[in-house]
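For reference, the structure discussed in these notes is given below.
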Amino acid sequence: MTAPTVSPKTEQTLREAMARLFAGTPQRTDGKLTKNNLWREAGVSRATMNRATTVLAEWDNHVSESPAEAQRRQHLDELAEARKKLRESRQECRHLQDQVDAAATVIATLLAETAALREQQANRTATIIPLGRSHAARE
């Protein structure tokens, strides 16, 4: 069984649309290099475009080598790096928050102990106990 194909006229229409999109001079679309724009620019259905396998192979080959595709890949790489840095920053933030929480617990404990010691000091009776006199002072 042979693969479905399109008529030479349809193939030519798709090639002309592809050339306009690659040149940046679209007539019916926003000019983005997408297959949706290819079939719309050519004025054919998506199913018709999908049957034009040689045109689609050329499209895929050209788009994968285009500056726009290289820029898209670069943006994806930058996005992946930014997401990695964000994960690392969030992890560091959680670690620092754990340290702050531990320090707050220690501070609260120390404040409670200090308050208890001050209260204990305040509640002591002010009894003065004389110390014994030295031998030299008695004589």
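Position 1 is the first residue of the sequence; numbering continues from there.
Using a 4.5 Å heavy-atom cutoff, the side chains of Trp59 and Leu14 are not in contact. Between His75 and Leu79, every side-chain heavy-atom pair lies at or beyond the 4.5 Å cut-off. Side-chain atoms of Thr48 and Arg51, non-hydrogen and from C-beta on, do get closer than 4.5 Å to each other. With contacts defined as side-chain heavy-atom distances shorter than 4.5 Å, the pair Leu38/Met49 qualifies.
Residue Gln71 holds its CD atom at 9.0 Å from CD of Glu78, rounded to the nearest 0.5 Å. For the atom pair OG1 (Thr114) and CD1 (Ile107), the distance works out to 11.5 Å, reported to the nearest 0.5 Å.
Formation of a donor-acceptor pair under 3.5 Å by the Ser64 side chain with backbone atoms of Asp60 is found in this model. Looking at Thr25, its side chain never comes within 3.5 Å of a backbone N or O of Leu21 through a donor-acceptor pair.
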What's the verdict on side chain to side chain contact (heavy atoms under 4.5 Å, CB included) for Glu58 and His62, showing C-alpha distance, side-chain angles and the deciding distance? CA-CA 6 Å; Glu58 291 174 24; His62 187 276; over 6 Å; no

Could you give me the CA-CA distance, side-chain angles and deciding distance for Thr10 and Val44, then say whether side chain to side chain contact (heavy atoms under 4.5 Å, CB included) is met? CA-CA 8 Å; Thr10 300; Val44 299; 4.1 Å; yes

Gln74 vs Asp77, test: side chain to side chain contact (heavy atoms under 4.5 Å, CB included). Steps then yes/no. CA-CA 5 Å; Gln74 180 184 1; Asp77 291 344; 5.6 Å; no

Start with the C-alpha distance between Lys35 and Asn50, add both sets of side-chain angles, then the distance that settles side chain to side chain contact (heavy atoms under 4.5 Å, CB included), and finish with yes or no. CA-CA 9 Å; Lys35 288 182 181 175; Asn50 287 336; 5.7 Å; no

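When all heavy atoms of Asn37 and Gly31 are compared, the closest pair comes out as ND2-N, 3.9 Å. When all heavy atoms of Arg15 and Thr54 are compared, the pair lying nearest together is NH2-OG1, 3.9 Å.
Dense packing is recorded around CD of Glu81, with more than 12 heavy atoms of other residues, nucleotides or ligands lying under 6.0 Å away.
The cluster map of Ile, Leu, Val, Met, Phe, Trp and Tyr, joined by side-chain heavy atoms under 4.5 Å apart, puts Leu56 and Val6 in different clusters.
The side chain to side chain donor-acceptor pair (under 3.5 Å) search around Thr29 returns Glu41, not counting sequence neighbours. In this structure Glu88 satisfies the side chain to side chain donor-acceptor pair (under 3.5 Å) test with no other residue, sequence neighbours excluded. For His95, the side chain to side chain donor-acceptor pair (under 3.5 Å) partners two or more places apart in sequence, or in a different chain, are Gln99.
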